[in-house]
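Since the structure comes first, as structure tokens, the remarks are kept for the end.
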Amino acid sequence: MKHGIVVAGSLIVAFAFNFFLVPYGILSSGISGIAILLGLLTPFSIGIINLILNLPLLYLGYRKLGKVITINTITCVVSLSIFLYVIPVIPVAENVLLSSIFGGVIGGLGIGLILKYSGTSGGLDIIAIIISRTSNISVGMLLTGMNGIIVLISGAVFDWNIALYTMLSIFITGKVIDTIHTNHIKLTMQIVTTKGEVIRQDLIESIYRGITIMDGYGGYTQEKKQILMMVVTRYETMQIKSIVRKYDSKAFINIYETVEVDGEFARN
């Protein structure tokens with residue numbers, strides 16, 4: 001299923017490129033943007049250039065991100081290169097501003113889906129994920145920051161109007177990515193229960209997270225309770241709630257967003 005979603009995301013990205021961005025010389029983010037630039041300046045296919053430029057970064061991804069993400073990334077890079085090659089370059093909108101906006105939204109949707117299902121679209125995505133895992137900076141924000149060089153190249157090669165449209169498209173892409181790919185968001189879960197020990201054992205076996213346990217008692221019932229506190233990612237909350245409810249249907253679970261984590265935190 002993941003491979004199918006990664007391929008579908010690649011198709012969405014290729015659609016955004018060839019129908020909205022490429023016809024007006026608007027560059028996308030990262031290696032894909034450089035591939036579009038070289039494709040516009042040379043007779044070579046954007047898809048083939050994209051594949052060649054991504055090869056060294058795929059090796060970096062294998063060393064730093066592991067086998068699963070690398071395999072999904074290879075699936076994405078190959079499928080995206082094929083789609084860019086076979087999909088014709090046809091402008092959908094006559095207005096360059098609308099093309100910048102919708103190209104950024106649609107491209108961000110495709111990349112966000114790819115990232116959410118353990119893949120990357122290659123290029124700077126790989127570097128952004130590596131940095132995000134060792135910091136509290138989101139992937140979308142990192143991609144936006146690293147793509148300033150793409151905007152400068154666009155302005156130097158074409159004109160500054162196109163560069164500004166490129167900046168707008170890249171910014172929108174980053175925002176859409178952060179809306180879909182929320183793995184960088186940390187949440188604190190406080191679980192108040194009378195079944196603390198069995199829940200703790202199951203969580204330790206199922207969720208690779210640290211747990212802090214405190215003793216407490218109900219203010220009204222005076223019943224002894226345990227308070228389990230964990231910092232997790234958004235994707236893990238459903239599994240944790242399912243484990244808690246399996247042992248204690250009356251447990252109280254408080255979930256709130258964590259602004260920053262200073263200390264050990266496993267980035268799965």
Side-chain angles (χ1 to χ4, degrees), residues 5-54 57 73 75-115 119-125 128 140 143-180:
I5 294 175
V6 169
V7 172
S10 302
L11 178 60
I12 293 172
V13 173
F15 175 82
F17 285 3
N18 285 1
F19 283 15
F20 291 94
L21 303 182
V22 176
Y24 294 100
I26 301 169
L27 307 185
S28 75
S29 59
I31 296 299
S32 299
I34 297 174
I36 292 175
L37 174 64
L38 295 177
L40 293 171
L41 297 176
T42 68
F44 298 106
S45 165
I46 294 173
I48 294 175
I49 296 173
N50 182 70
L51 180 62
I52 293 174
L53 293 177
N54 272 290
L57 291 171
T73 299
T75 301
C76 173
V77 169
V78 172
S79 58
L80 176 59
S81 299
I82 293 173
F83 290 140
L84 287 172
Y85 183 79
V86 300
I87 294 176
V89 177
I90 302 174
V92 172
E94 296 181 357
N95 187 290
V96 63
L97 177 60
L98 289 176
S99 292
S100 302
I101 294 172
F102 281 94
V105 170
I106 296 171
L109 174 63
I111 296 174
L113 286 174
I114 293 166
L115 291 172
T120 77
S121 61
L124 294 183
D125 289 4
L143 289 174
T144 300
M146 289 190 295
N147 280 297
I149 186 69
I150 304 296
V151 176
L152 294 176
I153 293 174
S154 177
V157 174
F158 299 107
D159 61 65
W160 287 106
N161 286 325
I162 295 298
L164 293 176
Y165 286 128
T166 295
M167 181 184 296
L168 174 63
S169 179
I170 289 175
F171 177 78
I172 293 173
T173 296
K175 289 298 183 182
V176 175
I177 288 172
D178 279 345
T179 300
I180 299 172

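The shown structure was predicted, so the numbers you read here are calculated from the model rather than taken from an experiment.
The nearest pair of heavy atoms linking I101 to I172 is CA-CD1, 3.8 Å. When all heavy atoms of L98 and A93 are compared, the closest pair comes out as CB-CB, 4.4 Å. Nearest heavy atoms, G9 versus I114: C-CD1, 3.8 Å. Across G103 and F20, no two heavy atoms sit closer than the pair CA-CB, 3.7 Å. The two residues N50 and S81 make their nearest non-hydrogen contact at ND2-OG, 3.3 Å. Summarising the geometry of L40 relative to G25, their closest heavy-atom pair is CD1-CA, 3.7 Å, with the distance given to 0.1 Å.
Atom CD1 in I106 sits 9.0 Å away from atom CG in L21 (nearest 0.5 Å). N161 CG to T166 OG1: the interatomic distance, rounded to the nearest 0.5 Å, is 10.5 Å. Between the CZ atom in F15 and the CD1 atom in I90 there is a gap of 10.0 Å [rounded to 0.5 Å]. Taken to the nearest 0.5 Å, the CD1 atom of I162 stands 7.0 Å off from the OG atom of S100. Taking CD1 of I52 as the start and CZ of F44 as the end, the distance is 8.5 Å to the nearest 0.5 Å. I87 contributes atom CD1, which lies 6.0 Å from atom CZ of F19 (distance to the nearest 0.5 angstrom).
Between the side chain of N18 and the main chain of L84, a donor-acceptor pair closer than 3.5 Å is present.
For the side-chain contact (heavy atoms from CB on, under 4.5 Å) test with I177, the passing option among L113, I111, L109 is I111; the others fail. For the side-chain contact (heavy atoms from CB on, under 4.5 Å) with L38, the lone residue among I46, I48, I49 that qualifies is I49. For the side-chain contact (heavy atoms from CB on, under 4.5 Å) with V6, the lone residue among L80, T75, L11 that qualifies is T75.
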Could you check L168 against L97 for side-chain contact (heavy atoms from CB on, under 4.5 Å), going step by step and ending with a plain yes or no? CA-CA 9 Å; L168 174 63; L97 177 60; 3.6 Å; yes
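Residues passing the side-chain contact (heavy atoms from CB on, under 4.5 Å) test with I82 are V78, V86, sequence neighbours excluded. Residues passing the ring pair (Phe, Tyr, Trp, His ring centres under 6.0 Å) test with F83: none are found, sequence neighbours excluded. The ring pair (Phe, Tyr, Trp, His ring centres under 6.0 Å) test applied to Y165 returns no partner, not counting sequence neighbours.
Counting heavy-atom neighbours within 6.0 Å of F102 CZ, excluding the residue itself, gives a total of 12 or less.
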